[in-house]
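Before any comments, here is the structure.
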Amino acid sequence: MIFSINRNIFLEEINKCNRIIDYKSLTPSITGILLEIEVDKISLISTNSSISIKSTIFSGTNDLIIKETGSILIKGKYFLEILRRMEDEIINISSVENNIVSLSGEKSEFSLNTLDFNDFPLIGFREKGTVIKINNIELKKSLNQTIIAVNEWNQKIVLAGLNFAINNGMFYITGTDGFRVSRKRILIEEQIPEKFETNIPYKSILEIIKLLPEKGECKIVIIDSFATFIINDTLFQTTILEGQFPNVNAVFPTDFNTTIYVNNKKFFKLISRADIRSEDNSSTVVNFILDNDRIFIKSNINQIGSFEEEFREFELKGIDEQNICFNSKYLIDSLKTFETKNIELNFIDSKKPIVISSDEDLNLNQIILPMFSN
């Protein structure tokens with residue numbers, strides 16, 4: 001096995017594969033990255049049993065020149081460290097013996113022990129099934145807007161990730177931890193199944209966000225118990241969460257007693273001032289009091305301090321009296337997801353969910369359940 005390649009590009013691809021590796025695994029082979037060198041391409045493969053990545057670099061791109069084919073299983077962590085220390089633009093990589101790989105440039109040369117590539121598991125990457133195509137920027141933005149409502153350690157396994165669903169030509173991405181709901185909808189232009197649903201784990205979503213570039217589109221393939229995200233020349237495959245995701249439509253009110261129209265940044269700063277964290281860093285309960293043309297925001301943390309501020313910069317529709325308590329962190333997280341100038345806070349009463357939306361982005365909705373102050 002002998003080839004040369006642009007060091008920065010190779011470093012990027014190795015790092016991509018290395019991120020998912022579980023170095024605490026009792027199986028040595030899956031703590032490595034498999035390099036498969038063929039006549040016209042190099043494939044880099046890694047896995048942690050739940051997530052698998054396959055990235056391909058084709059000959060003639062990124063200064064890749066293949067002189068000899070073969071396979072090798074490298075220790076990604078150490079391989080990365082060496083690539084970072086080297087300063088050459090083009091590096092040469094070759095297998096010296098069965099268990100040694102050499103990395104060299106004009107200025108330096110390193111040798112590393114390798115693992116037995118025959119022990120690496122055979123991974124079947126699924127590229128055919130139910131297919132959804134989404135713009136990379138739109139998908140990345142939507143995942144960031146909805147993952148805020150996911151608790152990775154939720155006791156209900158199905159809630160420890162995001163729900164992907166298709167209904168009547170719309171693609172819905174939804175997250176909930178039982179106390180809040182984040183939902184984004186995206187119009188899918190090509191022909192798709194009338195209905196479709198799957199659940200993607202939290203850690204997989206985090207990696208997908210990192211992988212998505214600014215240009216192009218992502219192809220999502222769903223089949224059996226797997227979801228494959230095809231991003232340019234990279235395949236990202238993840239197992240899905242089993243179970244029935246709750247019907248969040250039932251908790252999305254459509255009729256409200258009160259709607260407040262307010263500047264997002266101003267309201268965000270107001271709630272941030274009220275967000276007084278306790279010594280154990282627990283979230284603050286904030287009291288929202290609407291009284292005619294005034295809003296009073298109050299918070300109080302035992303043995304820490306209290307906050308109260310009067311706010312008048314808003315427009316009101318409906319009932320002008322409300323008294324609601326909510327988790328300040330949940331509201332701050334929700335406000336951050338809106339890139340709009342203005343937002344709407346929709347209320348029914350002190351026991352019903354608060355719905356946050358904006359007429360500048362009708363496809364994003366955030367729901368927060370009210371709390372009771374101590």
Side-chain angles (χ1 to χ4, degrees), residues 141-142 144-150 174-177 179-185 248 251-278 281-301 304-373:
K141 178 180 174 180
S142 300
N144 279 316
Q145 289 173 320
T146 51
I147 198 172
I148 63 161
V150 178
T174 309
T176 181
D177 58 7
F179 301 99
R180 52 182 169 168
V181 180
S182 297
R183 185 173 69 178
K184 181 69 180 282
R185 65 178 185 178
V248 297
V251 299
F252 269 90
T254 54
D255 296 318
F256 303 99
N257 294 329
T258 302
T259 298
I260 292 172
Y261 305 88
V262 64
N263 180 276
N264 191 2
K265 287 185 178 179
K266 290 181 179 179
F267 193 68
F268 176 84
K269 290 179 179 179
L270 172 65
I271 302 303
S272 296
R273 288 193 289 273
D275 185 36
I276 304 171
R277 295 301 176 95
S278 62
N281 203 36
S282 58
S283 297
T284 305
V285 177
V286 171
N287 188 201
F288 177 102
I289 302 171
L290 172 63
D291 183 10
N292 294 310
D293 61 347
R294 301 177 298 174
I295 293 173
F296 293 95
I297 298 293
K298 300 180 181 181
S299 62
N300 182 44
I301 301 296
I304 299 294
S306 61
F307 170 88
E308 180 175 344
E309 184 171 337
E310 179 182 320
F311 186 75
R312 291 176 178 265
E313 298 179 66
F314 66 93
E315 294 182 12
L316 173 67
K317 177 182 177 182
I319 297 174
D320 60 4
E321 291 186 359
Q322 293 282 359
N323 191 327
I324 300 173
C325 292
F326 54 83
N327 183 313
S328 61
K329 180 183 183 303
Y330 291 172
L331 182 54
I332 287 172
D333 286 347
S334 296
L335 295 175
K336 285 180 179 178
T337 65
F338 286 90
E339 297 178 354
T340 59
K341 181 180 179 181
N342 301 302
I343 57 161
E344 300 172 13
L345 302 173
N346 301 282
F347 306 90
I348 297 177
D349 56 42
S350 62
K351 297 181 181 180
K352 297 295 193 303
I354 306 166
V355 179
I356 307 167
S357 59
S358 173
D359 60 5
E360 299 167 47
D361 184 358
L362 300 177
N363 293 318
L364 176 63
N365 287 281
Q366 304 283 358
I367 280 187
I368 302 173
L369 296 183
M371 297 180 65
F372 296 97
S373 58

What is the distance from atom [atom1] of [X] to atom [atom2] of [Y], rounded to the nearest 0.5 Å?
X    : Y    : atom1 : atom2 : value
L331 : T284 : CG    : OG1   : 12.0 Å
D255 : K352 : CG    : NZ    : 12.5 Å
I348 : I319 : CD1   : CD1   : 10.5 Å
K298 : C325 : NZ    : SG    : 10.5 Å

Heavy-atom check, side chain of [X] versus side chain of [Y], under 4.5 Å:
X    : Y    : value
L290 : I260 : yes
D361 : E339 : no
V181 : T174 : yes
S328 : I276 : no
M371 : Y330 : no
F338 : L364 : yes
T337 : I356 : no
D320 : T258 : no

### Query
Are N263 and K269 close enough, and set up right, to give a side-chain contact (heavy atoms from CB on, under 4.5 Å), and what steps lead you there?
CA-CA 10 Å; N263 180 276; K269 290 179 179 179; over 6 Å; no
Minimum-distance pair of heavy atoms, taken over all atoms of [X] and [Y]:
X    : Y    : result
I271 : I332 : CG2-CG1, 3.8 Å
N287 : I324 : ND2-O, 3.3 Å
F179 : D177 : N-OD1, 2.9 Å
S299 : A274 : OG-O, 2.8 Å
I148 : R180 : O-NH2, 2.9 Å

### Task
Determine, step by step, whether V286 and I297 satisfy the side-chain contact (heavy atoms from CB on, under 4.5 Å) criterion, reporting the C-alpha distance in whole Å, the side-chain angles of both residues, the deciding distance to 0.1 Å, and the verdict.
CA-CA 7 Å; V286 171; I297 298 293; 3.5 Å; yes
### Task
Go through L270 and K266 one step at a time and tell me if the side-chain contact (heavy atoms from CB on, under 4.5 Å) criterion holds.
CA-CA 6 Å; L270 172 65; K266 290 181 179 179; over 6 Å; no
### Task
Flag the pair K329 and D275 as a salt bridge only when some basic side-chain nitrogen lies within less than 4.0 angstrom of an acidic carboxylate oxygen.
no
### Query
Parallel under 30°, tilted from 30 to 60°, perpendicular over 60°: which one fits the rings of F326 and F288?
tilted
### Query
Hey, does the side chain of S358 reach the backbone of N342 with a donor-acceptor pair shorter than 3.5 angstrom?
yes
### Donor-acceptor under 3.5 Å (Q145 side chain, Q366 main chain)
no
### Steps toward side-chain contact (heavy atoms from CB on, under 4.5 Å) verdict (F347, I354)
CA-CA 5 Å; F347 306 90; I354 306 166; 3.9 Å; yes
